[in-house]
Engineer: 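So that we are looking at the same thing, I have put the structure below in structure tokens.
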Amino acid sequence: MTIRKSVGAFLFLFSLLGSTLFAQSDEPPFLKYTQSAWVDSVLQTLSPDERIAQLISVAAYSNRDEAHKQALLQMIKKYKIGGLVFFQGGPGRQARMLNDLQKVANVPLLVSMDAEWGIGMRLDSTISYPFQMTLGAIQDDNMLYQMGLEVARQMKRAGMHMNFAPVVDVNNNPANPVINFRSFGEDKENVARKGIAYMRGMQDENILTTAKHFPGHGDTDTDSHYALPQINHPRARLDSLEIYPFRKIIEAGVGGVMVAHLNIPALDPTEGLPSTLSKSIVTGILKDELGFEGLIVTDAMNMKGVTAGNEPGVVDKDAILAGNDLLEFTEDVPRTIAEIRKAIEQGIITQEQIDERCRKILAVKQWVGLDNYQPVAVKNIASEMTTPAGELLNRKLIEAALTVLENENSLLPIRQLDTLKIASVAIGAKNSTTSFQRTLSLYAKVDHLKIATDAGSGTAETIRSKIANYDVVLVSVHDNSKYPRNRLKLSASVKKLLSELTQRENTVLTMFKNPYVLDKLPNPQESDGLIVAYQDNRHTEELAAQLIFGGIGASGTLPVSIGNKYQAGDGIEIQGDLRFGYTLPEDVGLDSRILYSRIDSLVNEAINAKAIPGCQVLVAKDRKVVMHKAYGLQQYSDTVSVKLDDLYDLASITKISSALPALMKLHSEGNFDLSASLGDYLPYFKNSNKDDATFREILAHQAKFKPWIAYWQSTLRNNGSHKWFTIKSDSSRRFPTKLTDNMWLHRNYKKKIYKAIKKSPLEDEAKYKYSGLAFYLFPEMVEELAGEDYAAYINDNFYQPLGATTLTFRPFEKFPLERIVPTENDYLFRGEPIHGPVHDEGAILMGGVSANAGLFANANDLAKLIQMYLEGGEYGGQRYIGEETIQEFTRYQFPENDNRRGLGFDKPNIERSPTGNAAVSASDDSFGHSGFTGTFTWADPEHGLLYVFLANRVHPTRDNTRLYQLNTRTNIQQVIYDSLVDGITYSVERE
């Protein structure tokens, strides 16, 4: 059975846009407007000083007080400055502030931002895309084009017009303190390609870009924010390396270039002169030699690299004289205007030259649409800037950058989960459990440890002793700083421990740090697995964990060399899609806004109506989990919130999760015949009224069996006390089975259950009637056929290999009680609230291990088993059940008899109804089951959909049927179909 991969709207758009990657013209796109009628008309309205002012852009902050805003308003009114460069703030605040500032401008303001990794670089509540060094690891440059499109869309939505990006500095100095992770890497070709792709994406959406920091800031160990760096390479080296990406991006039509504050004697021998102020560099090289006709922008004019020894205003004038067109972050506007006017009067620069630059600014304004200025729409700005498509792009970029440098013996992705004892060790993580560790636990049982970077020898020794008996150790090195600097501060004890761990067999080291840090480790290349994630955030941690277990693959390559350990371009490709990936709905063609909002609404409706105290919901498509959420409380009378790893009583879902996989496996192996009768496999039932019932009839609930028997009632006398041979108040050899602390069941009581089943009468007619009777018998039958204990058989053959470690009987023996969600307050039989043992009375009388009920799990682990069914019996690269067997068990068996059942599985009503057992839009191939406690799971092979709903609607009493009345479970299932981007609708009236 093959899942049909659906292409979501986002990825479809992604591929279409990719076809226009080389559509950009080869000259700055605004140049055609320099002689336009609008530019001419505006220029004629400006005085000489106002034309100078158009070359000035000042800093604006939307997180500052009213005084800052008023100062900007006065500056705009009085001096008629040309633009603003926004720094820290928030999208709504910036939009409101910008509208007020634009309102007082005679000529609309050109609004810029340093948004190298998107507007999240400056604005809160917005998306921060990966740093450029992370992007440098991506093999598909088209993805950077997509990022450019999306960053441009967000900037335009916020009323901005120019991005001071991309950085096209070649970072060939690992000690570079200011560029480093902001560079695409050390390979000039890679830097040029990615810079061009990012630029084209933005400019195709009418955001002007500025390639920076000309003529190249990559090979310096000085930060120009604080001092003037000097680069002493000869001209030939600068031409062939540092200037190369600028030459290429200029040829590709970049609109702007930003000039750095650097002292480069080979390009201008003037002692101590910053390149920003060098006519030889700005005019002689950038304009004349490289032929750049676009907008030349200074780096910020408040940086010490240019201001040291230079007065504000004077230094701005010198930048204009050097050939720059736009002054970024001018500190003294009136003096700047005065100094430039004085230079005109002195004949150092002409008014015509100022006018020419003013025309450029005005042409840019027309190109970005300011000739038809509209205020920023403030309403919904945050949600419209941070869209699901934008979020998905962020995750896809990170995924594409993940780089594997070591994979000894194909350790990655980790397989054979049932044979491995796994631990994780997080070094330097500030949170108690990291996103990395939490995601690892979605795949397998992983024991988590943590150690601080400054830990002493005692703590390190504790870690050593704890991991001694583990088969696989997953080590992660974390970075709690804002930016991934080339720094590694480990105590001697931790560094020694890390060195030992990397030499340990089956250790995977994941670095959530700057890749250069690897050179500060003694032997990272000795790790059997080595992953570079480049930076540390929730997305990188989640995706790296998915890579380890095969939820995603890896195709990234190093953008820089790591000493003599690794070279730029190194990287090992890893195939993914082995197990669940955890992603966003748009990744598989679902609309997250429909999916999330409507499911939230339905769940909250159920909680508010006290139909359930809480629940877990999981939705997957095409082996990708797109919703995994916990809601509400474990019980009404408490404040304990439901968590994603809590275990629910699955009730009748046990039928398709325990006996059924066992029977299907035995059937695949030729050891179980559906046409055989009950008496063939269970001689006890020979010569009974059930002897001739075939397993096909039994599993399709068409064997005339009664629905259920109240076994527990046979334990009672008429006065309500227990019969002496059934239940005692204390345990003994004859009464070993615990029901409660004060109720212990006779060791042979199971025989009474079998006897009751054997003697039960049959229904009159062979038609569909749900019955759980046979499922009490299947454990013993499976044990006879498999020659192994029932619980051990299904655990060893299914749950453990799947990594479904919470799928278990008697969970209180393995998990703390606080992780097990309580069910009913049972004052009828057991006389106490049920919390830990199975809710079903029949199952508890079987010792808690039955096939009609008894299993517990969280939604994620149950989903692994159902996904295996959905994939035709295969999951995680391992086959569990034959594909033909899955198809046989999940098809309608007796539809001609108005029986909707498969073999064990429930299927949609043959005549669909909005209040039916499954969503109206569920396909005929779909299958699943529900449970008495409020649980539900369903799979649809036609659409690759999987759905799990776990709840405890029987708390505090089974008499609470509001969940059924609201039809919450199937209404949620219908929402999943409704959220399909390409749409899927089935009429209630079916042929």
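Every heavy atom of this structure was used, including side-chain atoms; hydrogens, water molecules and symmetry mates were not.
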Engineer: Is it the case that Gln974 and Ser921 place a side-chain donor and acceptor less than 3.5 Å from each other?
Structural biologist: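 The criterion, which ignores hydrogens and geometry beyond distance, is satisfied for Ser921 and Gln974.
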Engineer: Just verifying a value: how many Å separate Leu650 CG and Thr933 OG1, rounded to the nearest 0.5 Å?
Structural biologist: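 Between atom CG of Leu650 and atom OG1 of Thr933 there are 7.0 Å.
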Engineer: Look at Asp924 together with Arg912 and state whether they make a salt bridge at an N to O cut-off of under 4.0 Å.
Structural biologist: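 Arg912 and Asp924: salt-bridged.
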Engineer: Just checking, any donor-acceptor pair under 3.5 angstrom between side chains of Ser850 and Asn852?
Structural biologist: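 Note: Ser850 and Asn852 side chains meet the donor-acceptor criterion.
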Engineer: For Lys643, look at atom NZ and say whether over 12 heavy atoms of other residues, nucleotides or ligands are found less than 6.0 Å away.
Structural biologist: yes
Engineer: Determine the interplanar angle of the Phe775 and Phe778 rings, folded into 0 to 90°, and report it as parallel if under 30°, tilted if 30 to 60°, perpendicular if over 60°.
Structural biologist: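 Perpendicular: the ring planes of Phe775 and Phe778 meet at over 60°.
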Engineer: Which label fits Tyr582 and His628: parallel for a plane angle under 30°, tilted from 30 to 60°, or perpendicular past 60°?
Structural biologist: tilted
Engineer: The criterion is ring pair (Phe, Tyr, Trp, His ring centres under 6.0 Å); which residues satisfy it with Phe695, sequence neighbours excluded?
Structural biologist: Phe672, Tyr681
Engineer: Using the ring centroid of each side chain, check whether Phe685 and Tyr754 are separated by less than 6.0 Å.
Structural biologist: no
Engineer: What I want to check is whether the side chains of Lys752 and Thr715 have a donor and an acceptor closer together than 3.5 Å.
Structural biologist: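 No donor-acceptor contact under 3.5 Å links the two side chains.
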Engineer: State which residues pass side chain to side chain contact (heavy atoms under 4.5 Å, CB included) with Ala620; sequence neighbours excluded, sorted by chain then number.
Structural biologist: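 Only Phe580, Leu618, Val625, Leu946 meet the side chain to side chain contact (heavy atoms under 4.5 Å, CB included) criterion with Ala620.
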Engineer: Donor-acceptor pair, distance only, cut-off 3.5 Å: does the side chain of Thr806 make one with the backbone of Leu647?
Structural biologist: no
Engineer: Would you compute the distance between atom CG of Asp649 and atom CZ of Phe932 and round it to the nearest 0.5 angstrom?
Structural biologist: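 Rounded to the nearest 0.5 Å, the CG-CZ separation comes out at 11.0 Å.
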Engineer: What pairs with Phe856 under ring pair (Phe, Tyr, Trp, His ring centres under 6.0 Å), at least two apart in sequence or on another chain?
Structural biologist: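 Ring pair (Phe, Tyr, Trp, His ring centres under 6.0 Å) list for Phe856, sorted by chain: empty.
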Engineer: Quick check against the 3.5 Å criterion: does Ser601 have a side-chain atom that pairs as donor or acceptor with the backbone of Arg598?
Structural biologist: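 Checked: no pair found.
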Engineer: Which class fits the ring pair Tyr776 and Tyr711: parallel under 30°, tilted 30 to 60°, perpendicular over 60°?
Structural biologist: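 Ring orientation, 0 to 90° scale: perpendicular.
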Engineer: Looking at Arg623 and Arg579, would you say the former's side chain and the latter's main chain have a donor-acceptor pair under 3.5 Å?
Structural biologist: no
Engineer: Strictly below 4.0 Å, N to O, side chains only: are Lys767 and Asp898 in salt-bridge contact?
Structural biologist: no
Engineer: Anything under 30° is parallel, anything over 60° is perpendicular, the rest tilted; go ahead and classify Phe798 against Tyr793.
Structural biologist: perpendicular
Engineer: Among Asp646, Asp645, Leu862, Val603, whose side chain to side chain contact (heavy atoms under 4.5 Å, CB included) with Gln616 holds?
Structural biologist: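 Between Gln616 and the candidates, side chain to side chain contact (heavy atoms under 4.5 Å, CB included) is satisfied uniquely by Asp646.
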Engineer: Report yes or no: do Ser714 and Tyr749 form a side-chain donor-acceptor pair below 3.5 Å?
Structural biologist: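 Yes - a donor-acceptor pair under 3.5 Å links their side chains.
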Engineer: Looking at residues at least two apart in the chain, or sitting in another chain, which of them share a salt bridge (Lys or Arg N to Asp or Glu O under 4.0 Å) with Arg958?
Structural biologist: Glu824, Glu841
Engineer: Step through the shown structure and confirm whether more than 12 heavy atoms of other residues, nucleotides or ligands are within 6.0 Å of CG on Asp638.
Structural biologist: yes
Engineer: Just say parallel, tilted or perpendicular for the rings of Tyr443 and Phe549, cut-offs at 30° and 60°.
Structural biologist: parallel
Engineer: Does Thr654 use its side chain to pair, donor to acceptor, with the backbone of Ala851 at less than 3.5 Å?
Structural biologist: no
Engineer: Ion pair present between Lys686 and Asp680, side-chain N to carboxylate O less than 4.0 angstrom?
Structural biologist: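 Salt bridge: yes.
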Engineer: Can you list everything that forms a salt bridge (Lys or Arg N to Asp or Glu O under 4.0 Å) with Asp826? Sequence neighbours excluded, please.
Structural biologist: Arg830
Engineer: Near Glu884 CD, under 6.0 Å, is it more than 12 heavy atoms from other residues, nucleotides or ligands?
Structural biologist: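 At most 12 heavy atoms, drawn from other residues, nucleotides or ligands, come within 6.0 Å of this atom.
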Engineer: Could I get the full list of salt bridge (Lys or Arg N to Asp or Glu O under 4.0 Å) partners for Lys769, not counting sequence neighbours?
Structural biologist: Glu763
Engineer: Between the side chain of Asn689 and the main-chain N/O of Lys759, is any donor-acceptor distance below 3.5 Å?
Structural biologist: no
Engineer: Within the 3.5 Å criterion, strictly below it, is a donor on Ser652 or Tyr770 matched to an acceptor on the partner's side chain?
Structural biologist: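 Looking only at side-chain atoms, Tyr770 and Ser652 do form a donor-acceptor pair, the distance falling under 3.5 Å.
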